[in-house]
Amino acid sequence: MKVASLNTNKIFTKTLLWLFLIVLCLYCLFPFAWMLSTSLKTEAEAFRIPPTWMPENLTVDSYIGIWVRKNFDIYFFNSTIISLATAVLSTFFGALAGYGFSRFFFKGRRFLIGFFLATQMLPGVLLVGPYFKILSKVGLYDTRTGLIIAFLTICLPFSTWMMKGFIDKVPVELDQSAMVDGCTRMGVFFKIVLPVIAPGMVATILFAFLLAWGDLLWALCLTSSEPMITVTLGIARTVGEFRIVWPMLMAGSLVGGMPAIILYIFLQRLLVEGLTAGAVKG
């Protein structure tokens with residue numbers, strides 16, 4: 001009887017767990033399903049009350065429209081260049097800084113680490129004004145280079161802190177053994193440390209890429225011309241003062257979100273390995 005009771009409790013617990021997971025998945029996936037449904041409707045049907053759950057007149061005009069009537073190819077190119085450059089540069093320089101903080105002990109080390117963290121507490125909206133003036137003075141306003149520099153200042157402290165935690169997990173003895181064999185400090189960094197913390201670098205690159213890809217405020221304030229518009233800003237400009245073309249807006253949002261989804265699908269194993277490697281030393 002006790003065995004039967006235990007089995008019943010296990011079945012009941014698993015059933016509740018599966019129900020919870022199903023409800024959670026539906027809750028998370030419903031907005032995407034609604035966006036997909038709306039993007040395949042005509043503009044008239046998108047405004048219909050009560051709304052239709054499934055498109056009555058299936059059309060892909062909104063997807064064609066974002067590429068024909070909007071310069072989404074230019075937007076994607078700008079976002080890709082800016083996000084990749086930000087992710088790679090912030091992770092590389094963050095790894096260099098993290099290696100220095102992890103392996104060298106110098107005066108003011110704790111203060112600098114704390115200062116790096118404190119910069120993350122400043123809202124981006126407070127920094128946009130100063131960056132606008134600085135980039136305008138040096139001739140980098142409304143350029144990809146200016147946006148990359150701006151995003152680097154946001155991502156670099158985060159990347160440095162993440163990289164320091166990963167490097168802390170690498171035994172110092174590996175550095176010492178390599179240096180005994182004649183390897184330089186930079187050689188140790190490139191040949192020993194970087195290969196070991198590769199999963200952590202992937203996780204950091206992914207976070208930095210998504211931060212730059214999904215930004216709207218900085219792209220809005222630090223660019224002005226059509227050739228410099230990013231994906232998020234291009235999607236936002238589909239919202240007019242007197243009219244919102246909902247199918248096109250939903251289509252643009254889905255297409256704009258695809259790079260992040262694809263990256264998570266293909267890099268999820270390395271992402272999990274990097275996060276579970278211990279980003280903060282205990």
Side-chain angles (χ1 to χ4, degrees), residues 81-124 126-127 130-131 134 145-215 218 263-264 266-282:
I81 295 297
I82 292 168
S83 300
L84 281 177
T86 300
V88 172
L89 291 175
S90 65
T91 302
F92 175 72
F93 289 117
L96 282 173
Y99 183 74
F101 282 127
S102 177
R103 294 297 192 258
F104 300 100
F105 296 89
F106 49 89
K107 189 175 181 180
R109 174 174 171 270
R110 289 183 177 274
F111 171 78
L112 283 176
I113 295 175
F115 178 75
F116 267 54
L117 284 179
T119 59
Q120 297 296 92
M121 301 178 186
L122 293 174
L126 295 180
L127 303 175
Y131 268 100
I134 293 172
T145 303
L147 271 179
I148 292 171
I149 293 173
F151 287 139
L152 276 175
T153 59
I154 303 175
C155 297
L156 191 56
F158 167 79
S159 299
T160 299
W161 183 254
M162 289 284 288
M163 288 293 97
K164 178 189 177 298
F166 292 125
I167 295 172
D168 284 342
K169 296 297 181 180
V170 180
V172 181
E173 289 75 14
L174 291 178
D175 299 33
Q176 296 170 347
S177 298
M179 293 178 70
V180 167
D181 292 336
C183 197
T184 63
R185 273 289 181 185
M186 292 304 294
V188 170
F189 175 75
F190 284 105
K191 297 178 181 179
I192 305 297
V193 176
L194 288 189
V196 174
I197 64 170
M201 292 186 69
V202 171
T204 307
I205 286 174
L206 186 57
F207 278 117
F209 178 88
L210 294 179
L211 189 149
W213 183 273
D215 176 82
W218 290 66
L263 281 174
Y264 270 121
F266 286 100
L267 299 178
Q268 59 179 333
R269 182 179 62 83
L270 290 174
L271 176 63
V272 172
E273 287 180 8
L275 293 177
T276 55
V280 179
K281 185 176 181 180

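Any value given below was found using the heavy atoms of this structure, including those in side chains, with hydrogens, waters and symmetry copies removed. The structure displayed is predicted, hence computed values, not measured ones. Throughout, numbering of the chain's residues begins at 1 and tracks the sequence.
Between the CZ atom in Phe101 and the CG atom in Leu112 there is a gap of 5.0 Å [rounded to 0.5 Å].
With sequence neighbours excluded, the residues that form a side chain to side chain contact (heavy atoms under 4.5 Å, CB included) with Ser83 are Phe209, Ala212, Trp213. Contacts of Ile148 classified as side chain to side chain contact (heavy atoms under 4.5 Å, CB included), with partners at least two apart in sequence or in another chain: Ile82, Ala85, Thr86, Leu89, Leu152. With sequence neighbours left out, Thr145 forms a side chain to side chain donor-acceptor pair (under 3.5 Å) with no residue at all.
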Under 3.5 Å donor-acceptor pairs involving side-chain atoms of residues 176-195, not counting sequence neighbours:
from	atom 1	to	atom 2	distance (Å)
Ser177	OG	Glu173	O	2.9
Thr184	OG1	Gly187	N	3.1
Arg185	NH1	Tyr99	OH	2.8

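Residue Phe111 places its CZ atom among 12 or fewer non-hydrogen atoms of other residues, nucleotides or ligands, all under 6.0 Å distant.
Checked by atom type and distance alone, the side chain of Ser90 pairs as donor or acceptor with a backbone atom of Ala87 at under 3.5 Å.
Evaluation of the salt bridge (Lys or Arg N to Asp or Glu O under 4.0 Å) test over residues 96-112, restricted to residues two or more places apart or in two chains, returns Arg103-Asp175.
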**OP:** List the steps and the verdict of side-chain contact (heavy atoms from CB on, under 4.5 Å) for Tyr131 and Thr153.
**Re:** CA-CA 10 Å; Tyr131 268 100; Thr153 59; 2.6 Å; yes
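Within the 4.5 Å cutoff, the side chain of Thr204 has heavy atoms near those of the Phe166 side chain.
In plain terms, the two heavy atoms of Met163 and Thr91 that are nearest each other are CG-O, 4.1 Å.
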